[in-house]
Amino acid sequence: MIYSLKDINPKTYEGNLVFLYGDESAERVLPLGKREVELVRGKRAEARGKNFIVSFDRLPWRLYFVSFDSERPAAEVQETLRCQAAELLKMMEKDGVKQAGLCAEGTLPEEVAAMVEGLTLADYSFDRFRSKECYHLEELTISSMFFSPEELETQERLWGRIFWCREWVNLPVADLNAEAFADELQAVAKDLEGVTCTVMDKRMIESLRMGGLLAVNKGSVDEPRFVVLEYCPSNQNNPSTQSDPIVLVGKGIMYDTGGLNIKPDDYMQEMKSDMAGAATMASVVFAAADNRLPVHVVALLPLTDNRPGFNAYAADDILTMYDGTTVEVVNTDAEGRLILADAIAYAVKNYHPRVIIDAATLTGAAVRAISTFGIAAMQTHAEREMEMLKIVGNEVYERLVEFPMWKEYDELIKSDFADLRNCGSTPQAGTITASKFLAHFAKEVPYVHLDIAGVAYFTKPQQYYRVGASGYGIRLLYAYLQMQEK
Ligand code: BES
Ligand code: ZN
Ligand code: ZN
């Protein structure tokens, strides 16, 4: 989509027009005839602050009138606008409208931004394997006194990274193995100022003794990779002046068959998205670098697929992890925590992290607990960080809900033969036992675990997302990094 900023006089504008109506102050520029005004006023009274969109013929153009209730709390109003944007986009698609002006006089800049964000996120679809061309909104002219070109460009760069994430998560494993994804990460990093990308191959991973990543990779014909992306703001180029980094860890299972504990029935479907955590964390680093946020951030991305090959790792195997912890494998489908544990331990040993945050499509239990409307989050030694994440999460509407990390759960991951077992001894609280397992490797370092299993990939359209990868979590973590500068 091409965006531009230009003053629009709604009464004389020649083109398709979207008119945002948040409160009565917009009435002085209503591009409507007398009877249309009556109709809209009637609808607004009837709707009692509820939201609606009406469209009018202005041959050869169309006018879309978007009414919303601006009196609600800000985050709620903005989310409503993102959802209305998706509805509007469907109407435009039906009408064959590919260019439009957005007239937003009298609305707040955050409201305009939310509307444009909704249009942008809703417009994404995974098109590269389709032979027929798909509908997209091609040009959007935004008229708003308070929305600056710089702000728009900053947002556009962030949205670009969200699209990048969605595209790579949507790619099937036949087109994207660990090596190819690492190559892509390196290629993107090369063009970004302040970002370094180190790709470790199987031999290096072996010499580091990352027992979790190597075990999960054993059934695969493809090599694993361990990718380190580091963004250092320009004033911190000298290692001695570098601040302690925020370390982001992303689960990069390129495909999760379950391994020898193979996933039954249709449980395997959508498992191409099991590397969404890694793609999310890479996108956050890229967006931070694009917009030159003054924060030192490192992403650690362990990449492999999980398959039942001839030499695949098996239940009963006992692994020695990067930090020396021994782990009894009880189920090869609980593979995410094994590769993440090595990455978290690597962060503890080699950086001095202010906080470690991971994102992982880790448990079906998280989806059963809260469905597809948010992130299941847990923390150890990171109460403050969790509070900040909750606040920004509510603001950008990528919300998280905190699950407890009571000490009683520790019993459930004790093994008869090793230090830990890789899944709980009871099927209950699967999201928490997974998090407990990971927290062991973070030791005393402030640690936040984000289980994004419910939100990384939608199997039905919801809000402003079509079926497929969502990029959920990028806006959250980007906003969290932005908060660090204050
Ligand atoms: N990748 C899955 C979790 C998942 C499930 C993500 C559904 C997205 C949607 C993970 O590796 C897994 O298989 N977890 C198991 C753990 C169990 C064996 C302890 C699960 O949740 O069933
Ligand atoms: Zn699994
Ligand atoms: Zn998995």
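All ligand and atom numbering here is 1-based and tracks the order in the structure. Please read these numbers as outputs of a predicted model, since none were measured by experiment.
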(request) Could you tell me whether F129 atom CZ has more than 12 heavy atoms of other residues or ligands within 6.0 Å of it? (result) yes
(request) List every atom of ligand 1 that sits less than 4.0 Å from any heavy atom of K263, numbering the atoms from 1 in the order shown and giving each element. (result) 2 (C), 12 (C), 13 (O)
(message) As a test of the contact definition, would atom 21 (O) of ligand 1 count as having a protein heavy-atom neighbour under 4.0 Å?
(response) yes
(request) Could you tell me whether the side chains of N170 and Y124 share a donor-acceptor contact shorter than 3.5 Å? (result) yes
(message) With side-chain hydrogen bond (donor to acceptor under 3.5 Å, both in side chains) as the criterion, how do Y464 and E87 come out once you've worked through the C-alpha distance, each side chain's angles and the decisive distance to 0.1 Å?
(response) CA-CA 8 Å; Y464 29 91; E87 198 187 320; over 6 Å; no
(message) Distance check below 2.8 Å: does L362 bring an N, O or S atom to the Zn ion (ligand 3)?
(response) no
(message) If the test is ring pair (Phe, Tyr, Trp, His ring centres under 6.0 Å), which one of W164, Y231, F163, W168 qualifies with F286?
(response) W164
(request) For N422 and N331, indicate whether the former's side chain and the latter's backbone hold a donor-acceptor pair under 3.5 Å. (result) yes
(message) I need the nearest protein heavy-atom contact for atom 2 (C) of ligand 1: residue, atom name and distance, please.
(response) D256 OD2, 3.5 Å
(message) I'd like to check which ligand 1 atoms, numbered from 1 as shown, lie under 4.0 Å from a non-hydrogen atom of A453.
(response) 6 (C), 8 (C)
(message) Given the ring of F126, does R128 sit roughly above its face, with NZ or CZ under 6.0 Å from the centre of the six-membered ring and within 45° of the axis?
(response) no
(message) Please evaluate residues D419 and H440 with respect to the criterion side-chain hydrogen bond (donor to acceptor under 3.5 Å, both in side chains), reporting the C-alpha separation (whole Å), side-chain torsions for both, the decisive distance (0.1 Å), and the verdict.
(response) CA-CA 10 Å; D419 301 334; H440 166 93; 5.8 Å; no
(request) Please could you name the atoms of ligand 1 that N331 approaches to less than 4.0 Å, counting only its heavy atoms? (result) 18 (C)
(request) Start with the C-alpha distance between E93 and K90, add both sets of side-chain angles, then the distance that settles salt bridge (charged side-chain N to carboxylate O under 4.0 Å, His left out), and finish with yes or no. (result) CA-CA 5 Å; E93 177 172 4; K90 275 196 209 123; over 6 Å; no
(message) For ligand 1 and G364, I'd like to know whether there is a polar contact (N/O to N/O, distance under 3.5 Å).
(response) yes
(message) Which residue and atom name correspond to the protein heavy atom nearest atom 1 (N) of ligand 1, and how close is it?
(response) D274 OD1, 2.9 Å
(message) Below a 4.0 angstrom heavy-atom separation, can you tell me which part of M275, side chain or backbone, both or neither, approaches ligand 1?
(response) neither
(message) Quick check on contacts: which atoms of ligand 1 are under 4.0 angstrom from a heavy atom of C423?
(response) 19 (C)
(request) Specify which N/O/S atom of D274 comes nearest to the Zn ion (ligand 3), by atom name. (result) OD2
(message) Nearest N/O/S atom of D256 with respect to the Zn ion (ligand 3), by atom name, please.
(response) OD2
(message) I need the nearest protein heavy-atom contact for atom 10 (C) of ligand 1: residue, atom name and distance, please.
(response) L362 O, 3.3 Å
(message) Could you check whether any side-chain N or O of Y313 sits under 3.5 Å from a backbone N or O of T332, counting only pairs where one atom can act as donor and the other as acceptor?
(response) yes
(message) On a heavy-atom basis, I'd like to know which of R368, R337, M271, E270 is closest to atom 7 (C) of ligand 1.
(response) M271
(request) Mind running side-chain hydrogen bond (donor to acceptor under 3.5 Å, both in side chains) on E111 and Q78 for me, showing each step along the way? (result) CA-CA 6 Å; E111 292 168 352; Q78 288 160 30; over 6 Å; no
(message) Determine whether a donor-acceptor pair (N or O, by modelled atom type, separation under 3.5 Å) exists between the side chain of D183 and the backbone of Q186.
(response) no
(message) Heavy-atom pairs closer than 4.0 Å: do any link ligand 1 to the side chain of I253, the backbone, both, or neither?
(response) neither
(message) So if I count the atoms of ligand 1 from 1 in the order they appear, which ones are less than 4.0 Å from some heavy atom of K251?
(response) 1 (N), 10 (C), 11 (O)
(message) For V367, state whether at least one heavy atom is located under 4.0 Å from any atom of ligand 1.
(response) no
(message) I need the contact type for D333 against ligand 1. Using non-hydrogen atoms and a strict under-4.0 Å cut-off, is it side chain, backbone, both or neither?
(response) both
(message) Under a 3.5 Å threshold, yes or no: a donor from one side chain and an acceptor from the other, between R157 and N291?
(response) yes
(request) Could you tell me which N, O or S atom of E335 is nearest to the Zn ion (ligand 3)? (result) OE2
(request) Kindly indicate, with the supporting measurements, whether the criterion side-chain hydrogen bond (donor to acceptor under 3.5 Å, both in side chains) is fulfilled by Y447 and D358. (result) CA-CA 8 Å; Y447 168 62; D358 81 58; 2.4 Å; yes
(message) If the cut-off is 4.0 Å to any non-hydrogen atom of T361, which atoms of ligand 1 fall inside it?
(response) 1 (N), 2 (C), 3 (C), 6 (C)
(message) So if I count the atoms of ligand 1 from 1 in the order they appear, which ones are less than 4.0 Å from some heavy atom of E335?
(response) 11 (O)
